[in-house]
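Below is one structure, written out as structure tokens; the observations come after it.
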Amino acid sequence: MLSAKTQLLSLLVFLLTQPCFSIDFITPNQPLKDGDFLISQAKTFQLGFFSPGNSTKRYVGVWYYNFPQKYVVWVANRDNPLSNTSGVLTIAESGQLVVAYSEAPEAPIWSTNISLSRDNYNNSARILDNGNLVVFRDLYSDKNVLWEGFDHPTNTYLPEMKVGLRKKTGEAWFISSWKSPDDPGTGQYSYRIVLNGTVPQLYIYDGSKPYMGMGPWNGITFSGLPAYGVDVADQLSQLFYIDDENEVSNYYTITNSSYVTRSVMDYTGVAQRLDWNPQSETWKASWTGPDGQCEKYGHCGAFSTCNSFRIANQGCDCLPGYTDKFEGGTTANSFVGCVLKPGASLCRSGEGFRKVSGIKVPDAFNAELQSDLDIKACHNLCLKNCSCTAYGASRLNSDKGCLTWYGELIDIREFSDGGQDIYVRVDHDELAKDSKKKILKVLLPVLFIIVLILVITCWVLRRKKRERSKRNLTMSNGSERDDIAFMERFSDVRSSNESGTTSAEVHCFSLSTIIAATDNFSFANKLGEGGFGTVYKGHMRGGQDIAVKRLSITSKQGLEEFRNEIILIAKLQHRNLVRLLGYCIQQENILIYEYLPNRGLDRFIFGGKSLLDWRTRFNITMGIARGMIYLHHDSRLRIIHRDLKASNVLLDASMNPKISDFGMARIFGNDQNEDTTNRVVGTYGYMSPEYAMEGHFSIKSDVFSFGVLLLEIISGRRNSSTFDDEKTVNLVGHVWDRWLEGKPLEIVDPSLEESYDVNEVLRCIHTGLLCVQESAAVRPTMSEVASMLCNEKTPPAAPEQPAFILKGKGYLGPVKFSYNTESGGSSGAQMTVSIVNGR
Ligand SMILES: *[C@@H]1O[C@H](CO)[C@@H](O)[C@H](O)[C@H]1NC(C)=O
Ligand SMILES: *[C@@H]1O[C@H](CO)[C@@H](O)[C@H](O)[C@H]1NC(C)=O
Ligand SMILES: *[C@@H]1O[C@H](CO)[C@@H](O)[C@H](O)[C@H]1NC(C)=O
Ligand SMILES: *[C@@H]1O[C@H](CO)[C@@H](O)[C@H](O)[C@H]1NC(C)=O
Ligand SMILES: *[C@@H]1O[C@H](CO)[C@@H](O)[C@H](O)[C@H]1NC(C)=O
Ligand SMILES: *[C@@H]1O[C@H](CO)[C@@H](O)[C@H](O)[C@H]1NC(C)=O
Ligand SMILES: *[C@@H]1O[C@H](CO)[C@@H](O)[C@H](O)[C@H]1NC(C)=O
């Protein structure tokens, strides 16, 4: 414990080392020393000396006042740091604002460059509420500005700050990145207005090369910043653009002073508009650029457009009338641009223009602007000159303003929303295609309406017929023709909609159909036997396969209730549940399911030589977990499966798992969340202790079964298999022992060899053990299980001892087993086990 004396002392030291001095003005007599601050009048910005990141060098900078962190928005001596804390910011005898060592005020390391004519200077400097450091000609007066920090921006573009260039001298002032988080020196990336040709444009440059093009000003925003201009500017800030005989420049203002925003050119080349969220005390990016490869300058080469939602060709596609430069000749990932289609002529041979909409216009370095021409005149101007490759309106929402391009069209991006239009010069053939398209455009809607009417008529007729047949079916026998028709409909729907979320229709099959399909339940057609009955494969005369379950237990419900229950269960549709197609309740109770050719998971994981690699096993596990989550939490009926096991998980042709036999517990009259039953159905080895011994079941008993199944999938062995290790009775005990020894990977199916992600497997084993814990209360829910498996949630450190293992060893207390929980780890994961002995 600290003594009161040392506490007092440290408080004193703290107070003494705290910056405690701040002034309003810097004057010749009042310099700013390292450790002192200048604060703007409204307490928005603060100026002082600082060291960025891990650097020990000292810089004079401006940052937001009283923010949780120092967000530096401006730096004076960015390229000439001070090496110690003896620096001062002062008005020198020369009248300039300088940064110098206090030992050598005559040799400043940084200085303003104001041209001054008088001898006796009363110049003063102060920081304004917008973050601008300004030098005034007189003491304590805001008139006669001599110099502004905003004319020398660093990496942050603040409201009211301008970027631009002077037309006569070509001198430009712009935002440029820091070198690194530790070094505010002038970095390689800049955000600037460039006049290359006759049309000014906004760019991000990498050194002296364009890195992202934001195009020319279109009256509202820059062509390449549509969202920025519309979403943000309209509400809280406004963009301005100046283009007169002296300068081209751009700035923005905020309309509500409580809105804090800045734009930063990051040292990695990413520019961001950041808005402060005072609640969460974080910055949120409302615009980022370049955002994706499409926004990189000229990504697609000449005469092409880029769309970030297009998958092929790195998002690139040729403009109308142009073709891939190396069509067919190169690999998929080397799109280099487009050339005119062979044989096309664009000069006085019936050529015309095709419209390309919703884009950032091509780089305008080779464009010309006629601000008084309308779009019609623009068309004529471009058409007359054979080297004009495209034209478009230069302004949004205005009928005056014409841009014409001569030569290459480069850096065109397609937007999903907003954007401008251009008209690309195409040859006669391409133009003809366009007019064909126009005719189709008129014809198609007409055709569409006719087809629609036909479809609706068919649908209404069919529905009427179905309703009639439904009424006939209720309890009595349907006909085989109806059954086949139903199956055809089902397989049509399924093949057209792979996700399998079809209508929840169930069909009442006739017994004769079932008998014919299963060859009178012949032994040859038998697929397996479960807790609730025997399953047969059936082959319908229409060609479809079905799985037929002949229930061995009879329901206590009446027939009508049983049927309603089935209809309810059939509404549970999920890609990881086997689809119930129908039923038959003539003489016996039969359920009809979709047939899955790969059959049970048990056939793939048990029996030595396994066919499944780890990735497939993991995907199957996740599929089962998702199916169980649906049953437990998401479906309209809460279903406890009660017999989850490897043979009740069927695999479809692409190895997606589908849980079968769900809803059985419900059909037989146990639909509560938690209950006790006298008749324990289920499979020994998968049953939780509370269920096996007391008949008590809940969603946590399903979690137990899932845990056993998961460990089986990892190890490729049945829970009931025997182990050399005499101490344990089953797989769960075997896994537990290996876990305690710190060698859990020994249980992994040897046929997987080394081809798995160690951390993922460890996570699965850990989760499996959490599921089979003896106490139902501490087992996770299925949704927790799923998030642990996919590493969204870190599992609790220590599983408790699982149920049903021999207790010869005694209980050791909570076990902590740690491994690298970050994904993507390699096989060299570190493992440690620490066993904490119970008292
Ligand atoms: C400072 O150094 C530490 C340790 O070298 C590093 O983790 C951290 O990222 C550095 N911070 C900055 C801003 O460079
Ligand atoms: C700070 O550095 C400057 C230049 O290197 C030097 O002249 C001056 O003596 C140093 N001051 C202190 C207090 O170390
Ligand atoms: C200072 O400004 C003058 C004219 O305004 C210019 O000629 C000179 O190069 C500038 N010096 C520096 C160091 O920027
Ligand atoms: C500087 O300020 C003093 C006091 O305000 C004033 O007397 C003097 O004339 C000023 N000098 C100039 C050159 O403005
Ligand atoms: C103008 O842009 C073109 C195309 O990007 C480039 O080749 C040329 O070097 C640029 N000229 C200047 C002066 O930047
Ligand atoms: C400015 O924004 C604050 C917070 O968003 C809001 O409460 C206030 O009404 C706004 N003021 C104006 C003039 O829009
Ligand atoms: C076509 O336009 C270009 C660029 O403006 C110009 O240099 C050329 O002289 C024009 N050609 C004709 C025939 O007008």
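Both counts, for ligands and for their atoms, begin at 1 and track the order of listing. Here, residue 1 is the first one in the sequence, and each next residue gets the next number.
Using a 4.0 Å cut-off between charged side-chain N and carboxylate O, D374 and K400 make no salt bridge. The pair D243-K167 counts as a salt bridge, with a side-chain nitrogen and a carboxylate oxygen less than 4.0 angstrom apart. Under the 4.0 Å criterion applied to side-chain N and carboxylate O atoms, E351 and R425 are assigned as salt-bridge partners. A salt bridge is defined here as a Lys NZ or Arg NE, NH1 or NH2 lying under 4.0 Å from an Asp or Glu carboxylate O, and E247 with K162 meets this definition.
Where the criterion is an N or O separation shorter than 3.5 Å, residue side chain and backbone included, Y101 fails it with respect to ligand 2.
Distance check for C294 and C300: the SG atoms are not under the 2.5 Å cut-off.
Using cut-offs of 30° and 60° on the angle between ring planes, the pair W287 and Y191 is perpendicular.
For the residue pair D363 and Y203, a side-chain donor N or O sits within less than 3.5 Å of a side-chain acceptor on the partner. Between the side chains of N132 and E160, no donor N or O sits under 3.5 Å from an acceptor N or O.
Numbered from 1 in the order shown, with element, the atoms of ligand 7 that lie under 4.0 Å from a heavy atom of S387 read 1 (C). Those atoms of ligand 2 that come under 4.0 Å of a heavy atom in S86, given as number and element, are 1 (C), 11 (N). If you number the atoms of ligand 7 from 1 as listed, the ones under 4.0 Å from a heavy atom of E368 come out as 4 (C), 5 (O). Near S83, meaning under 4.0 Å from any of its heavy atoms, are these atoms of ligand 2: 2 (O), 5 (O).
Residue contact annotation: A104 has no non-hydrogen atom under 4.0 Å from ligand 2.
To the nearest 0.5 Å, atom CH2 of residue W63 and atom CZ of residue F50 are 7.0 Å apart.
When heavy-atom distances to ligand 5 are checked against 4.0 Å, the residues falling inside are N196, Y297, F365, ordered by chain and number.
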